[in-house]
Student: 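Questions regarding the structure given below will be posed in turn.
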2 protein chains.
Amino acid sequence: MSEAGNGRREVTVTDVARAAKVSKATAARALGDYGAVSEAVRDRVLAAAEELGYRPNALARSMTTGRSNTIGMVVGDIENPFFAQATRGASDVAKAAGFDVVLSNSDEELESENAAIAVLLAKRVDGFIVAPASSVDTTGLRAIQAAGRPLVLFDRAAEDLAIDTVLADNATGVRRLVELLLQAGHRRIAFISTIAHPHPYRLGDRLGSTSVDDRVNGFVASLTEAGIAEPARFIRLNARRDGVGAAVRDVVADGATAIVASDSLIAQAAFRTVRELGLGIPSDVSLVAFDDADWTSLSAPPVTVMAQPIHEIGAEAARMLVRRIAGDGAPAETVVLPQRLIERESIAPPPAEG
Amino acid sequence: MSEAGNGRREVTVTDVARAAKVSKATAARALGDYGAVSEAVRDRVLAAAEELGYRPNALARSMTTGRSNTIGMVVGDIENPFFAQATRGASDVAKAAGFDVVLSNSDEELESENAAIAVLLAKRVDGFIVAPASSVDTTGLRAIQAAGRPLVLFDRAAEDLAIDTVLADNATGVRRLVELLLQAGHRRIAFISTIAHPHPYRLGDRLGSTSVDDRVNGFVASLTEAGIAEPARFIRLNARRDGVGAAVRDVVADGATAIVASDSLIAQAAFRTVRELGLGIPSDVSLVAFDDADWTSLSAPPVTVMAQPIHEIGAEAARMLVRRIAGDGAPAETVVLPQRLIERESIAPPPAEG
DNA sequence: TACGCGATTGAGACCGGTCTCAACAAGTCC
DNA sequence: GGACTTGTTGAGACCGGTCTCAATCGCGTA
């Protein structure tokens, strides 16, 4: 009761200065650990601060220094293990460099993303790490650039904009995956993604996310090189969370014998659906996916995946951002990290034609 | 090049005021949408702002209003699906109420937690949502209270402190799980947790986290009621991430026929280890766990779990916090949410004695 | 003894908003 | 017509730090 009057004003530098019998400027120097202060005065000020329970106000400091020591991160959905890991990677690097991270979920929607960016811009974060909802409509990203704040993209690039970006080598990854399927004898291979797209995929379409775009292009190229007639026949986009099942049913009914899932959440839904259909993996349908989600090694059968260095993607993005914030003015750079194939047991030759 | 000089000063209310030929106060009223401004003037100001590319400075606003519209959240590890989900739940509610969330990982370590709290306090977040690393050493939490900031705990309570808390009903949950194992005929049941503890568990020990404490107590009580002689014999704490395997080997070698895993990450490691041991689940060892992680329904066999309403835990914590920030002065409250049993196929009678 | 120099300290402006308060205009009421 | 409202606007203090600049002090040196 005595000292804890709760509606009280916070203790400020001025209060400490008065208690230590020095000027506000000197107290601030001692507390903020800048400028020159004699040992004796510093001790006196620090003691007074301790005594009064002084707690620095980072807002006020940011006001004058222009730095908030905060970075804004906008991801699709923190619940998605991909983003959770990338966030952790980024957050560790950021913390080590003295930054906190404010997190925002865009749900892969442009409006949410733009709103989040506006708020973060208002909060004067020192920089941004964004997995852009769209590689095409980049108004939000432009706003960041216009405000002169450093920005690093991850997982997807933004077309026509010079922005630092950290990507995984999806083009190579998908080819390796398809190759495996081809070698096993598959000819009717499906590709399923939840990416929003205004209509069914047509050859040459440009997709909203460069990472999916790279995968689809590599997928098509591989099939084409293998001499497969309609390489896009089993590509299904726009499968919302609960639409993956329908997409799987669809391609399987149409005769697909193998599925490439564009991420682990899709793979999970596909896995379930194939099972519900009473079909065997890999006896009836082979399944491969991106991301080494933990379930993929525990399932029966464990599934062959193209693992991405997710942690490192986030960490590298943060490293680049920190460098930019520190003033690195080098031209924008794109870092492409390799993916790694983990072969398990979800591929088998297609069933003999009935 | 023309308008985008990049080292430039930000556009301020004063600039807008000058451009709109009104006073700073009036411009601020129009831009901040408070006080009274005539329609005509408002339009003029907004137009000027648009023209100049005015972007509000939330820091400056927070300075005077004393509100940052930000809440600080400290979790063990955002990569842990439990925390990822809780964070999402909290973050959605927070956003709807106009708050951003700054995220910090404590790695379940007191020092990290306290450091994070200090930083967030300095940033003048409007409130805190914390999964405290320790229910016993609560210095960090006290600091928050001393600073007069609202605080809500989740997943674990803090002893001896009156703080709003959102918990799952672990006591009931663990009993239900043990009951299932008992009914199947198990007598040598293990409980494995990664919680830090200075020495092997002894009956009556108080654990660092109330949620684990509740589980262990319920576990012991259930076994005791069932007339089992040494109920604590197979309790293994302190199993660090990579120590779960060793703990499992240990209890299995000692004759345990069933394992209760205190969370889904532990369950995952246990599942792997039992397999590596060449043993069958559930033929040789039965396994149950807390949290309905996605892999638990995909594994072979799928595992019986006690699901927690994780999303809701986070959401409810945020709701309580928002209420407190709004000024609700009611006494601290503890909300206990029910867990839900999901029976799958990881329980069988213990193997016949060799 | 006077001068120069570095180290310390204090005064006060400043960051970009919000907020209080007074001034003023246009009605409104008696 | 005068007093009183109500609505709108401007001046300037204020939030809690940082930063610039000038003043002061101690001390080595010419």
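Predicted model, so just to flag it, every value in this text is computed and none were measured. First the proteins, then the strands, lettered A, B, ... as listed; each starts at 1.
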Student: Which nucleotide, dG16(C), dT18(D), dT9(D), lies nearest any side-chain atom of Ala60(B)?
Tutor: dG16(C)

Student: Between dG16(C), dT18(D), dG17(D), which one does the side chain of Thr65(A) approach most closely?
Tutor: dT18(D)

Student: Specify the residue among Val41(B) and Thr64(A) whose closest nucleotide of DNA chain D lies further upstream toward the 5′ end.
Tutor: Val41(B)

Student: Starting at CG of Asn57(A) and ending at P of dG17(C), how long is that distance when rounded to a whole Å?
Tutor: 17 Å

Student: Of Ser23(B) and Arg29(A), whose nearest nucleotide on DNA chain D comes first from the 5' end?
Tutor: Ser23(B)

Student: Just verifying a value: how many Å separate Leu151(B) CG and Ile129(B) CD1, rounded to the nearest 0.5 Å?
Tutor: 9.5 Å

Student: Using a strict cut-off of less than 4.0 Å between a Lys/Arg side-chain nitrogen and an Asp/Glu carboxylate oxygen, indicate whether Glu312(B) and Arg319(B) qualify as a salt bridge.
Tutor: yes

Student: Between dG16(D) atom P and Lys123(B) atom NZ, what is the distance in whole Å?
Tutor: 19 Å

Student: Are any of Tyr34(B)'s side-chain N or O atoms less than 4.0 Å away from OP1 or OP2 of dC19(C)?
Tutor: no

Student: Parallel, tilted or perpendicular: which one describes the rings of Phe154(B) and Phe82(B), with boundaries at 30° and 60°?
Tutor: parallel

Student: Looking only at side-chain atoms of Lys24(B), point me to the closest of dT9(D), dT9(C), dA13(D).
Tutor: dA13(D)

Student: Closer than 4.0 angstrom, basic N to acidic O: yes or no for Asp92(A) and Lys95(A)?
Tutor: no

Student: Examine the side chains of Thr65(B) and Arg61(B) and answer whether a donor and an acceptor come within less than 3.5 Å of each other.
Tutor: no

Student: Could you please name the option among dT9(D), dG17(C), dG16(C) that lies closest to any side-chain atom of Arg61(B)?
Tutor: dG17(C)

Student: If I take atom OH in residue Tyr54(B) and atom P in nucleotide dG16(C), what distance separates them, rounded to the nearest angstrom?
Tutor: 10 Å

Student: Of all the nucleotides listed (dC19(C), dT9(D), dT18(D)), which has the minimum atom distance to the side chain of Ala25(B)?
Tutor: dC19(C)

Student: How long is the line joining NZ of Lys21(B) and P of dT9(D), in whole Å?
Tutor: 16 Å

Student: Rounding to a whole Å, what distance do you find between Leu31(A):CG and dG17(D):P?
Tutor: 8 Å

Student: To the nearest Å, give me how far apart CZ (Arg18(B)) and C1' (dT9(D)) are.
Tutor: 18 Å

Student: Round to a whole Å and report the spacing from CG of Asp43(B) to C1' of dT9(D).
Tutor: 16 Å

Student: Looking only at the side chain of Ala36(B) (C-beta and beyond, no hydrogens), which of the listed nucleotides dT9(C), dT8(D), dG16(C) gets closest?
Tutor: dT8(D)

Student: Met63(B) CE to dA13(D) P: how many Å, rounded?
Tutor: 18 Å

